[in-house]
Asker: 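Right, I'll just put the structure down here and ask away after.
Protein chains get the first letters and strands the later ones, always in sequence-line order, with residue 1 at the start of each.
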2 protein chains.
Amino acid sequence: MANQQDVIIKMVLDAWTTHVNSADKLFSALTDEQLQQQVSPNRNRGIYLLGHLTSVHDRMLPLLDFGDQRYPELNDVFLRKPDKSALEVPPTNDLRRYWKEVNEILGQHCMRLQPPGWFEKHTAVSEDDFKKEPHRNKLNVILNRTNHLASHLGQLLFLKNSD
Amino acid sequence: MANQQDVIIKMVLDAWTTHVNSADKLFSALTDEQLQQQVSPNRNRGIYLLGHLTSVHDRMLPLLDFGDQRYPELNDVFLRKPDKSALEVPPTNDLRRYWKEVNEILGQHCMRLQPPGWFEKHTAVSEDDFKKEPHRNKLNVILNRTNHLASHLGQLLFLKNSD
């Protein structure tokens with residue numbers, strides 16, 4: 001009989017890793033030209049979603065107390081502003097590299113975090129609020145960001161050639 | 001200090017409920033005509049995804065040992081066959097009703113299941129395999145189906161009028 005805490009951490013991290021790997025595989029398969037396409041008419045371009053997901057994952061580093069954000073300069077372009085605003089998007093190759101780097105750093109920290117640490121508060125909730133809402137823990141950040149990633153991954157699939 | 005088991009169950013069920021409610025709100029807001037549209041050129045129609053999600057959620061009833069599937073006749077149309085195959089799609093109003101009914105029944109069972117029950121095996125895994133893989137429990141079904149729903153919900157958003 002495995003420890004229930006270990007089981008639940010495995011469930012959440014497995015789902016996260018599966019989705020990060022799927023997105024990684026998809027981004028690698030898409031050409032720079034495909035990433036310039038909109039996922040659907042009048043919707044975000046692939047390149048915007050690549051930057052958006054990179055920025056959201058990058059912000060998980062401070063949120064999980066894993067260290068500083070690596071690329072805070074992406075926040076304006078990919079979080080605060082919609083696609084095709086006046087802001088300049090970094091070169092595609094740079095974004096591809098940031099995406100891989102950020103997820104790799106996150107993955108390393110996740111592997112190292114001891115089980116009880118997952119049930120500690122994330123950094124955006126106060127001690128007082130956390131006492132009342134103990135579900136606002138680090139594992140919940142992973143769980144919710146997995147859903148966020150799944151949602152955009154469903155959209156990004158449209159950039160692949162349809163049969 | 002809340003019980004860790006209760007906390008994790010709340011995290012997973014909250015994410016599930018949030019996504020079911022978002023999808024429900026979206027389906028209610030979309031007209032029958034909008035549901036006939038494809039979410040992106042040459043991709044599934046809204047009506048197909050409504051039936052698909054209903055069927056997947058309906059199959060969670062036996063998978064979680066909550067009872068029989070209500071609409072097994074949907075499996076062929078929305079799980080085994082792609083959209084726009086020769087099979088006839090049920091009337092939109094019926095599908096809207098099935099969607100609501102299935103999620104309501106699921107929700108009632110979820111509320112009634114006692115915490116330890118969530119860590120019992122789901123019905124598609126054998127006792128022997130479950131001993132080796134205790135993460136294949138009922139809570140994991142909810143976690144994974146939330147990601148599945150999030151993925152299609154991201155696509156269905158494209159049926160709304162873009163600004």
Asker: Flag yes if A/L53 and A/L157 sit in one hydrophobic cluster, no otherwise; membership is Ile, Leu, Val, Met, Phe, Trp, Tyr, and two members link when side-chain heavy atoms are under 4.5 Å apart.
Answerer: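 Linked, A/L53 and A/L157 end up in one cluster.
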Asker: Rounded to the nearest 0.5 Å, what separation is found between the CD1 atom of A/I142 and the CE atom of B/M11?
Answerer: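 Here the rounded value is 10.0 Å.
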Asker: In Å, rounded to the nearest 0.5 Å, how long is the span from CG of B/N144 to CG of A/D14?
Answerer: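 These two atoms lie 9.0 Å from each other.
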Asker: State whether the number of non-hydrogen atoms from other residues, nucleotides or ligands found under 6.0 Å of B/E88 atom CD is greater than 12.
Answerer: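 12 or below, so no.
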Asker: Less than 4.5 Å to any heavy atom of chain B: does that hold for the side chain of A/L149, its backbone, both, or neither?
Answerer: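 Neither part.
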Asker: Do A/V56 and A/L61 share a hydrophobic cluster (ILVMFWY, side-chain heavy atoms under 4.5 Å, transitive)?
Answerer: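 Per the 4.5 Å side-chain linkage, A/V56 and A/L61 are not co-clustered.
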Asker: Taking a hydrophobic cluster as the set of Ile, Leu, Val, Met, Phe, Trp and Tyr residues connected by side-chain heavy atoms closer than 4.5 Å, whether directly or through intermediates, do A/F130 and A/V141 fall within one such cluster?
Answerer: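 As far as the 4.5 Å side-chain criterion goes, A/V141 and A/F130 are not connected within one cluster.
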Asker: Atom NE2 of B/H148 and atom CG of A/N147: how far apart are they, to the nearest 0.5 Å?
Answerer: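 It is 12.5 Å, given to the nearest 0.5 Å.
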Asker: Could you check whether atom CD of A/E73 has more than 12 heavy atoms from other residues, nucleotides or ligands sitting under 6.0 Å from it?
Answerer: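 Result for CD/A/E73: enclosed.
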Asker: Which atom names give the shortest non-hydrogen contact between A/G154 and B/S151, and what distance separates them?
Answerer: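 The answer is CA-OG, 3.6 Å.
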Asker: Do you know the tightest heavy-atom contact between A/A15 and B/L143?
Answerer: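 What the structure gives for the nearest pair is CB-CD2, 3.6 Å.
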Asker: Taking all atoms of both residues into account, what is the closest heavy-atom pair of A/V7 and B/P134, and its distance?
Answerer: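 What the structure gives for the nearest pair is CG1-O, 3.6 Å.
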Asker: If you tally heavy-atom pairs under 4.5 Å against chain B, which of A/V12, A/L153, A/V39 wins?
Answerer: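 That would be A/V39.
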Asker: If you measure from CD on A/Q4 to CG on B/N137, what distance do you get to the nearest 0.5 Å?
Answerer: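 Rounded to the nearest 0.5 Å, the CD-CG separation comes to 8.5 Å.
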Asker: In the single-linkage hydrophobic clustering (I, L, V, M, F, W, Y; side-chain heavy atoms under 4.5 Å), do A/L13 and A/F66 co-cluster?
Answerer: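 They do share one cluster, since a chain of ILVMFWY contacts under 4.5 Å joins A/L13 to A/F66.
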Asker: A quick test of your reading: do over 12 heavy atoms of other residues, nucleotides or ligands sit less than 6.0 Å from NZ of A/K84?
Answerer: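 Yes, NZ of A/K84 has more than 12 neighbouring heavy atoms, counting only those of other groups under 6.0 Å.
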Asker: State yes or no: do A/W99 and A/L63 share one hydrophobic cluster built from I, L, V, M, F, W and Y residues joined by side-chain heavy-atom distances below 4.5 Å, directly or via other members?
Answerer: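 Result: yes, single cluster for both.
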Asker: To the nearest 0.5 angstrom, please state how far the CD atom of B/Q155 sits from the CG atom of A/L156.
Answerer: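 One finds 10.0 Å between CD of B/Q155 and CG of A/L156.
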Asker: When rounded to the nearest 0.5 angstrom, what distance separates CZ in A/R43 from CZ in B/F158?
Answerer: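 Rounded to the nearest 0.5 Å, the CZ-CZ separation comes out at 6.0 Å.
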Asker: Chain A heavy atoms under 4.5 Å from B/H19: which part of the residue, side chain, backbone, both or neither?
Answerer: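 Contact with chain A involves the side chain of B/H19 alone.
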